Amino acid sequence: MPELPEVEAIRSQLETFLKGHKIEDVIVSDKRSFLGDRRDIIGSCFVEFSRFGKVLFLGLDNDFSLIVHLKLTGQLVYRGPNLRKPPPLSEKIVGGLPGRYTRVVFKLDRNGFLYFNDLRVFGWIKVVKNSEFKPEELVKRLGYEPPAVPSPSLPTLTLKDFSNILSKSKKAVKLILMDQEKIAGIGNIYANDALFLAGIDPRRPANSLRDYEQNNLYNSIIKVLKDGIKRGGSSENTFVNVDGTEGKYQDFTFVYGKVGQNCPRCGAEIKKIQLGGRGTYFCEGCQK
DNA sequence: AGTATCCTGGAA
DNA sequence: TTCCAGGATACT
């Protein structure tokens, strides 16, 4: 379940490892995972590495690009000459490399390989022609991005934007945080943690937040996302980095995945409920 | 606005 | 054996 910090970690490592690498062949073992014509990208080099919310945009030097959405269980792992000392692969790479869940393999020059593993086959890699590319192809529509990285590709979410978005909906505030059309990049882990840090009940109607609460939540979102990036993402579930190692944020989450454990602030038991069909963790005492 | 759907392994 | 996990979308 890569979210903004995880996808940013991947983007940054892809840039390090793939820059200048040439695609010699593309082996598609599951057609559901690769959309477009593989022949359009064979022979081209990786030159651009961007991220829009949770979506990766990899530009090639031949007027084509790759758009990648990892969804829940997608993993991109590189092995090759740009890894000086290949670290041991995480156990989160279920099935091995290549293995049972390897859906696409990019064979690169100088004996390099980029593997796309995806246990649940929700993720996809799409080939687009730059001249015909429309941003809507990324995802239906993406909203503002919280300023957690120096130069986001999407318009930056300001406190004012955030306040406008919240005041326009009476839906539960957590659902608004995770609505990619409004705010891009936040998923279940960071939504839970940001709401805990701000002391706000995830079920509160978005338009019921007072100014100081909006302000708190805005700052909390930026803080947890930056924290996630600093820790190299959260490997709570299936996330691994491009070098095959795990992130560390899962050891620093406040409430996500901690049902029954003690609230880090007051010690009370962390509760779990369903909200919009998703597991929602919070402390009844600390979040009002 | 709320719910089913895609998919598969792992937990209950 | 059933249920749950979850991002985004297609439904009702």
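Side-chain atoms are counted along with the backbone in the values below, which use heavy atoms only and exclude waters and symmetry mates. Order of the sequence lines fixes the chain letters, A, B, ..., with proteins taken first and strands second; residue numbering starts at 1 for each chain. A quick note: this is a predicted structure, and the numbers were derived from the prediction, not measured.
- Within the structure, every side-chain polar atom (N or O) of A:Lys71 is placed at least 4.0 Å from both OP1 and OP2 of B:dC7.
- Among the atoms of the strands shown, none is found under 4.0 Å from any heavy atom of A:Lys170.
- The side chain of A:His69 contributes no N or O atom lying less than 4.0 Å from OP1 or OP2 of C:dG7.
- Within 4.0 Å of A:Tyr256, counting heavy atoms only, lie sugar-phosphate atoms of the nucleic acid but no base atom.
- The aromatic rings of A:Phe57 and A:Phe133 sit tilted relative to each other, their planes meeting at an angle between 30° and 60°.
- If you check distances only, the side chain of A:Arg120 does reach the base of C:dA5 with a donor-acceptor pair under 3.5 Å.
- Between A:Tyr281 and A:Tyr256, the ring planes lie perpendicular to each other; the angle is over 60°, past the 30° to 60° tilted range.
- Rounded to an integer number of Å, the gap from A:Arg278 CZ to C:dA8 P is 10 Å.
- By the 30° and 60° cut-offs, the orientation of the rings of A:Phe106 relative to A:Phe46 is perpendicular.
- If you take CD1 of A:Ile273 and P of C:dA5, they are 12 Å apart, rounded to a whole angstrom.
- Contacts of A:Gly276 with the nucleic acid, taken as non-hydrogen atoms under 4.0 Å apart, are absent.
- Looking at heavy-atom distances under 4.0 Å, A:Glu181 makes no contact with the nucleic acid at all.
- One finds a side-chain N or O of A:Lys272 lying less than 4.0 angstrom from the OP1 or OP2 phosphate oxygen of C:dA5.
- Put simply, A:Gln274 has no side-chain N or O that comes within less than 4.0 Å of OP1 or OP2 on C:dC4.
- Neither OP1 nor OP2 of B:dC7 sits under 4.0 Å from any side-chain N or O of A:Tyr101.
- Nucleic acid contact class of A:Arg103 (heavy atoms, under 4.0 Å, all strands): none.
- The side chain of A:Arg100 places an N or O atom within less than 4.0 Å of a non-bridging phosphate oxygen (OP1 or OP2) of B:dG9.
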